Engineer: 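Structure in structure tokens, see below.
Just so it is clear, the model here is predicted, and its values are computed rather than measured.
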Amino acid sequence: MTDPVRVRFAPSPTGFLHVGGVRTALFNWLYARHYGGQFILRIEDTDASRSTEESIEEILASMKWLGLNWDEGPHRQTKRQALYREKVDQLLSEEKAYPCFCTPEELDKKREEAQAKGLKPKYDGTCRNRSGATPEGAASVVRFKAPQEGTVTVRDLLRGNVVFQNEELDDFIILRTDGTPTYNFVVVVDDGDMGITHVIRGDDHLSNSPKQALLYDGLDIPRPEFAHISMILGSDKTRLSKRHGATSALAYRDMGYLPDALVNYLARLGWSHGDQEIFTRKEMIEYFSLESVTTSAAVFNPEKLQWLNQQYIQNTPPVDLARHLAPILVKEGILPEGHGLSLEEIAKPIPSLNQRAETLVEMAQKSAFYFKTELEFDEKARSKFLTAEIKPHLEKIASGLSEINVLEHDSVETLFKQVAEEAGLKLGKVAQPVRVALTGSTTSPGIYDVVLLLGKDTTLKRLSEMIGFIKSRG
RNA sequence: GGCCCCAUCGUCUAGGGGUUAGGACGCCGGCCUCUCACGCCGGUAACAGGGGUUCGAAUCCCCUUGGGGCUACCA
């Protein structure tokens with residue numbers, strides 16, 4: 001019987017949650033859900049100068065928006081200081097760590113000198129070998145006493161055994177002058193204390209693993225399994241950053257992406273299941289395994305994300321989509337704040353728009369003709385299509401529509417075809433002016449759908465306004 | 001610089017000794033059509049280079065090259 005899986009996502013709150021972090025969170029989440037284990041959220045806020053409450057809020061909001069629900073936490077490292085102190089003391093008393101009185105200035109100097117001589121810029125061990133009385137009142141840090149020879153082997157589920165020479169490592173700091181512990185130390189203490197069984201994290205941590213492995217051994221904590229997933233790169237194959245466009249999870253929400261689309265996209269970066277591109281969460285959870293995760297870095301491709309988003313927009317039930325669309329309609333100024341419309345009402349135009357939008361922002365903009373009472377006209381389109389020649393046909397459409405009791409797709413279509421035929425015009429010659437009159441634009445859903453969506457009253461009102469406009473223009 | 005990781009179309013990937021090297025995004029054609037789209041059909045395009053191992057390497061090994069990461073009193 002194996003232990004139940006316990007994995008964690010441990011972001012540092014020094015900024016927004018970026019898509020690389022989301023992918024790490026996602027892989028952990030999928031792993032936990034696949035094995036029926038626990039997914040723990042831990043905030044790594046040991047760097048007091050860079051951590052902010054706003055970042056924590058944004059991380060939590062991002063996780064919620066993405067639907068990456070956690071079973072435990074969020075734990076805050078700042079609230080666990082006593083435990084870290086206890087573990088530092090343990091190492092100190094076992095002489096596996098020692099106080100160091102070297103100042104940052106001295107260390108910088110030594111580092112520079114070593115580099116100038118072409119030597120490794122590692123701690124020279126001055127205080128490791130120090131004997132005699134401790135300097136009175138001098139500030140000190142605590143360093144871990146790392147082995148100076150031999151090797152550490154880190155077992156990685158994705159990469160096999162990775163061997164590091166101990167001489168590459170140095171006596172790294174585990175407790176700062178101000179008494180706060182450093183990253184490499186707290187991860188180990190926390191992962192041990194929280195019973196983490198699998199550490200799934202970014203590739204950038206692989207080089208930290210030997211230090212942490214040594215710490216596990218020093219603290220007599222069994223090592224967890226490690227799996228270092230590759231990183232996400234920008235189009236120029238450098239580390240993904242703002243230069244490459246949006247990297248914050250919530251920015252994608254604001255640009256009109258669906259959380260399911262982002263999750264699906266990120267899952268397929270480094271993971272695959274045959275030729276399948278689109279997965280429900282259930283399928284992802286069922287199929288996910290580390291065996292099907294790739295180890296090479298992946299380039300973030302916005303076009304494919306957009307395509308996936310489009311797929312999700314097409315296939316999400318209108319009312320569900322409306323929930324995500326509503327705030328965007330307000331943000332785009334298409335609906336006023338406090339509009340009071342129900343999701344069902346907002347969902348109305350979605351069936352005619354979900355084949356023509358790649359993002360919800362785009363969908364919102366294209367739905368303006370439906371939601372706004374005052375149409376905004378594309379001036380060029382209006383002068384091109386709404387001419388004196390077309391006026392009689394518009395009038396015929398208007399009177400034809402007013403005679404139909406209940407508007408239906410077929411009856412509207414019949415009317416339009418009839419008017420066009422009698423005028424000896426192609427359907428488009430009639431439909432396009434009507435489109436501009438009803439939507440203000442040359443592009444819109446099918447013209448019959450537009451008529452049905454607007455309803456008889458609004459349609460007739462807009463047609464007569466347009467007829468008036470043509471008259472007034474002479 | 002040192003150490004570590006990685007390497008199939010432009011991008012994400014399938015493929016793990018014998019394949020016409022498959023799919024997806026993008027791009028380019030065509031069809032459909034009341035606009036814009038959707039959809040459908042077709043096309044373009046890859047095993048980084050060099051050595052081995054083997055009857056046979058995209059696949060296994062080594063080197064080179066390229067990319068990434070780490071090398072902090074950041075995480």
Engineer: Whether the A:Asp45 and A:Thr78 side chains hold a donor-acceptor pair (N or O, under 3.5 Å, no angle test) is what I'd like checked.
Structural biologist: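 Indeed, the side chains of A:Asp45 and A:Thr78 share at least one donor-acceptor pair under 3.5 Å.
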Engineer: Just name whichever nucleotide pairs with B:C73, Watson-Crick or G-U, keeping both distances under 3.5 Å, else none.
Structural biologist: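 Its partner: none found.
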Engineer: Identify which nucleotide among B:A24, B:G68, B:C73 has an atom closest to any side-chain atom of A:Leu107, counting heavy atoms from C-beta outward.
Structural biologist: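 In terms of side-chain proximity for A:Leu107, the closest of B:A24, B:G68, B:C73 is B:C73.
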Engineer: On the nucleotide B:A7, are OP1 or OP2 found under 4.0 Å from the side-chain N or O atoms that A:Lys237 carries?
Structural biologist: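 No.
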Engineer: Taking CG from A:Asp204 and P from B:G67, how many angstroms apart are they, rounded to a whole number?
Structural biologist: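 About 19 Å, once rounded to whole Å.
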Engineer: Both A:Gln311 and A:Thr103 contact RNA chain B. Taking the nearest nucleotide for each, which residue is further toward the 5' end?
Structural biologist: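 Checking each residue's closest nucleotide, the 5'-ward one belongs to A:Gln311.
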Engineer: State the pairing partner of B:U11; accept Watson-Crick or G-U wobble contacts with both distances under 3.5 Å, and report none otherwise.
Structural biologist: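 By the stated definition (distances under 3.5 Å), B:A24 pairs with B:U11.
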Engineer: Base, sugar-phosphate or nothing for A:Val162? Non-hydrogen atoms, less than 4.0 Å.
Structural biologist: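 Answer is sugar-phosphate: A:Val162 comes under 4.0 Å of backbone atoms only.
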Engineer: How many Å lie between CG on A:Asp236 and C1' on B:G10, as a whole number?
Structural biologist: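 Interatomic distance, CG of A:Asp236 to C1' of B:G10: 14 Å.
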Engineer: Check whether the ring centres of A:Phe416 and A:Tyr448 lie less than 6.0 Å apart, and answer yes or no.
Structural biologist: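 Yes.
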Engineer: Distance check needed: B:C34 P versus A:Leu452 CG, whole Å only.
Structural biologist: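 It works out to 17 Å between those atoms.
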Engineer: Do A:Thr177 side-chain and B:C73 base share a donor-acceptor contact under 3.5 Å?
Structural biologist: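 Such a pair is found, so the answer is yes.
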Engineer: Below 4.0 angstrom from OP1 or OP2 of B:A72, is there any side-chain N or O of A:Arg111?
Structural biologist: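 So the side-chain polar atoms of A:Arg111 do come within 4.0 Å of the phosphate oxygens OP1 or OP2 of B:A72, strictly under.
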Engineer: Have a look at A:Leu269 and say if it touches a base, only the backbone sugar-phosphate, or nothing, with a 4.0 Å heavy-atom cut-off.
Structural biologist: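 It contacts sugar-phosphate atoms only.
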Engineer: Just checking A:Pro11: base, sugar-phosphate only, or nothing, at a heavy-atom cut-off of under 4.0 Å?
Structural biologist: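 No contact at all - A:Pro11 keeps every heavy atom at 4.0 Å or more from the nucleic acid.
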Engineer: Between B:C12, B:G69, B:C73, which nucleotide gets closest to the side-chain atoms of A:Lys304?
Structural biologist: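 Per side-chain heavy atoms of A:Lys304, the pick is B:C12.
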Engineer: To the side chain of A:Phe164, which of B:C12, B:C3, B:A37 is closest?
Structural biologist: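 In terms of side-chain proximity for A:Phe164, the closest of B:C12, B:C3, B:A37 is B:C3.
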Engineer: May I have the distance from A:Lys417 (atom NZ) to B:C34 (atom P), rounded to whole angstrom?
Structural biologist: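 Atom NZ in A:Lys417 sits about 7 Å away from atom P in B:C34.
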Engineer: Tell me the partner of B:U35, counting only Watson-Crick (N1-N3 plus N6-O4 or O6-N4) or G-U wobble (N1-O2 and O6-N3) with both under 3.5 Å; none if nothing fits.
Structural biologist: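 Base partner found: none.
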Engineer: Looking at B:A24, I'd like to know if its phosphate oxygens (OP1 or OP2) sit under 4.0 Å from a side-chain N or O belonging to A:Arg268.
Structural biologist: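 No, because none of the side-chain N or O atoms of A:Arg268 sits under 4.0 Å from OP1 or OP2 of B:A24.
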Engineer: By nearest atom, which of the nucleotides B:C5, B:G1, B:U11 is closest to the A:Pro121 side chain?
Structural biologist: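 For A:Pro121, the side-chain atoms sit closest to B:G1.
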Engineer: Kindly point out which of B:A75, B:C34, B:U71 is positioned nearest to the side chain of A:Ser12?
Structural biologist: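 Of the candidates, B:A75 comes closest.
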Engineer: Tell me which nucleotide among B:G68, B:C25, B:U35 gets nearest to the side chain of A:Leu233.
Structural biologist: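 Ranking B:G68, B:C25, B:U35 by closest atom to the A:Leu233 side chain puts B:G68 first.
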Engineer: Scan A:Ser230 against the nucleic acid and name what it touches under 4.0 Å (heavy atoms): base, sugar-phosphate only, or nothing.
Structural biologist: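 Contact class for A:Ser230: none.
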Engineer: Searching all strands shown, indicate the nucleotide that pairs with B:C55 (Watson-Crick or G-U wobble; both distances under 3.5 Å).
Structural biologist: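 Because both required distances fall under 3.5 Å, B:C55 counts as paired with B:G18.
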Engineer: Counting only side-chain N and O atoms of A:Arg239, is one of them less than 4.0 Å from OP1 or OP2 of B:C70?
Structural biologist: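 For A:Arg239, the contact criterion (side-chain N or O under 4.0 Å from OP1 or OP2 of B:C70) is met.
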Engineer: To the side chain of A:Ser296, which of B:C6, B:G26, B:A75 is closest?
Structural biologist: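 Selected nucleotide: B:C6.
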Engineer: Nearest to the side chain of A:Ser272, which nucleotide is it out of B:C34, B:A24, B:A14?
Structural biologist: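 Among B:C34, B:A24, B:A14, the one nearest the side chain of A:Ser272 is B:A14.
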Engineer: Check whether any side-chain nitrogen or oxygen of A:Thr294 sits under 4.0 Å from OP1 or OP2 of B:C6, and answer yes or no.
Structural biologist: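 For B:C6, neither OP1 nor OP2 has a side-chain N or O of A:Thr294 closer than 4.0 Å.
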Engineer: What is the distance, to the nearest angstrom, from the CD atom on A:Gln355 to the P atom on B:A37?
Structural biologist: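 The distance from CD of A:Gln355 to P of B:A37 comes to 14 Å, rounded to the nearest Å.
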Engineer: Under 3.5 Å, is there a donor-acceptor pair between the A:Thr52 and A:Ser55 side chains?
Structural biologist: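 Their side chains do contain a donor-acceptor pair, which is all the 3.5 Å distance test asks for.
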Engineer: Should the pair A:Arg23 and A:Phe27 be classed as cation-pi, given the thresholds of under 6.0 Å to the six-membered ring centre and 45° from the axis?
Structural biologist: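 Cation-pi check for A:Arg23 and A:Phe27: passes.
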Engineer: Report which part of the nucleic acid A:Gly270 touches: base, sugar-phosphate, or nothing (heavy-atom distance under 4.0 Å, all strands).
Structural biologist: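 Contact class for A:Gly270: sugar-phosphate only.
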Engineer: For the pair made of OH in A:Tyr448 and P in B:U33, what is the distance, rounded to whole Å?
Structural biologist: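 Atom-to-atom, A:Tyr448 to B:U33, this comes out as 12 Å.
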Engineer: Considering just the side-chain nitrogens and oxygens of A:Gln310, establish if one lies under 4.0 Å of OP1 or OP2 belonging to B:C38.
Structural biologist: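 True: A:Gln310 side-chain N/O within range (under 4.0 Å) of B:C38 OP1/OP2.
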Engineer: B:C12, B:C36, B:A75: which one has an atom nearest the side-chain heavy atoms of A:Thr443?
Structural biologist: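 Selected nucleotide: B:C36.
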Engineer: Name the nucleic acid region contacted by A:His228, choosing base, sugar-phosphate or nothing; use a 4.0 angstrom heavy-atom cut-off, strictly under.
Structural biologist: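 Counting heavy atoms under 4.0 Å across all strands, no contact is made by A:His228.
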Engineer: Base, sugar-phosphate alone, or nothing: which one does A:Ser444 contact when heavy atoms must sit under 4.0 Å apart?
Structural biologist: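 The answer is base, as A:Ser444 lies within the cut-off (heavy atoms under 4.0 Å) of a base atom.
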Engineer: Taking the cut-offs as 6.0 angstrom to the six-membered ring centre and 45 degrees off its axis, would you call A:Arg128 and A:Tyr98 a cation-pi pair?
Structural biologist: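 That pair does not qualify as a cation-pi contact.
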Engineer: Using a 4.0 Å heavy-atom cut-off, does A:Gln306 contact any base of the nucleic acid, only the sugar-phosphate backbone, or nothing at all?
Structural biologist: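 Since no nucleic acid heavy atom lies under 4.0 Å of A:Gln306, the category is nothing.
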Engineer: Can you tell me the distance, in whole Å, between the CG atom of A:Asp170 and the P atom of B:C70?
Structural biologist: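 It is 16 Å, rounded to the nearest whole Å.
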Engineer: Just to be sure I understand the rule, does A:Thr14 reach a base, reach only the sugar-phosphate, or reach nothing, if contact means heavy atoms closer than 4.0 Å?
Structural biologist: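 The residue A:Thr14 makes no contact with any strand.
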Engineer: If we check side chain to side chain contact (heavy atoms under 4.5 Å, CB included) with A:Val188, which of these qualifies: A:Lys87, A:Arg223, A:Gln212, A:Lys211?
Structural biologist: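 One option only clears the test, and that one is A:Gln212.
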Engineer: Checking A:Gln148 against A:Glu167: is there a side-chain donor and acceptor pair closer than 3.5 Å?
Structural biologist: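 Distance-only check fails for A:Glu167 and A:Gln148.
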Engineer: Distance alone, cut at 3.5 Å: any donor-acceptor contact between the side chains of A:Arg76 and A:Ser51?
Structural biologist: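 A:Ser51 and A:Arg76 do not have a side-chain donor-acceptor pair below 3.5 Å.
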Engineer: Please tell me which of the listed nucleotides, B:C12, B:G1, B:U11, lies nearest to the side chain of A:Asn301?
Structural biologist: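 The nucleotide sitting nearest to the side chain is B:U11.
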Engineer: Just the rounded figure in Å: distance from C1' of B:U11 to CD of A:Glu277.
Structural biologist: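 Between C1' of B:U11 and CD of A:Glu277: 12 Å.
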Engineer: Using heavy atoms to find the nearest nucleotide of RNA chain B for A:His205 and A:Val293 separately, return the residue whose nucleotide is more 5′.
Structural biologist: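 The 5'-side residue here is A:Val293.
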Engineer: Examine B:C73: is either OP1 or OP2 under 4.0 Å from a nitrogen or oxygen in the side chain of A:Thr182? Give yes or no.
Structural biologist: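 For B:C73, neither OP1 nor OP2 has a side-chain N or O of A:Thr182 closer than 4.0 Å.
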Engineer: Determine, for A:Tyr123 and A:Arg143, whether the Lys NZ or Arg CZ falls below 6.0 Å from the six-membered ring centre while staying within 45 degrees of the axis.
Structural biologist: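 Yes, a cation-pi geometry.
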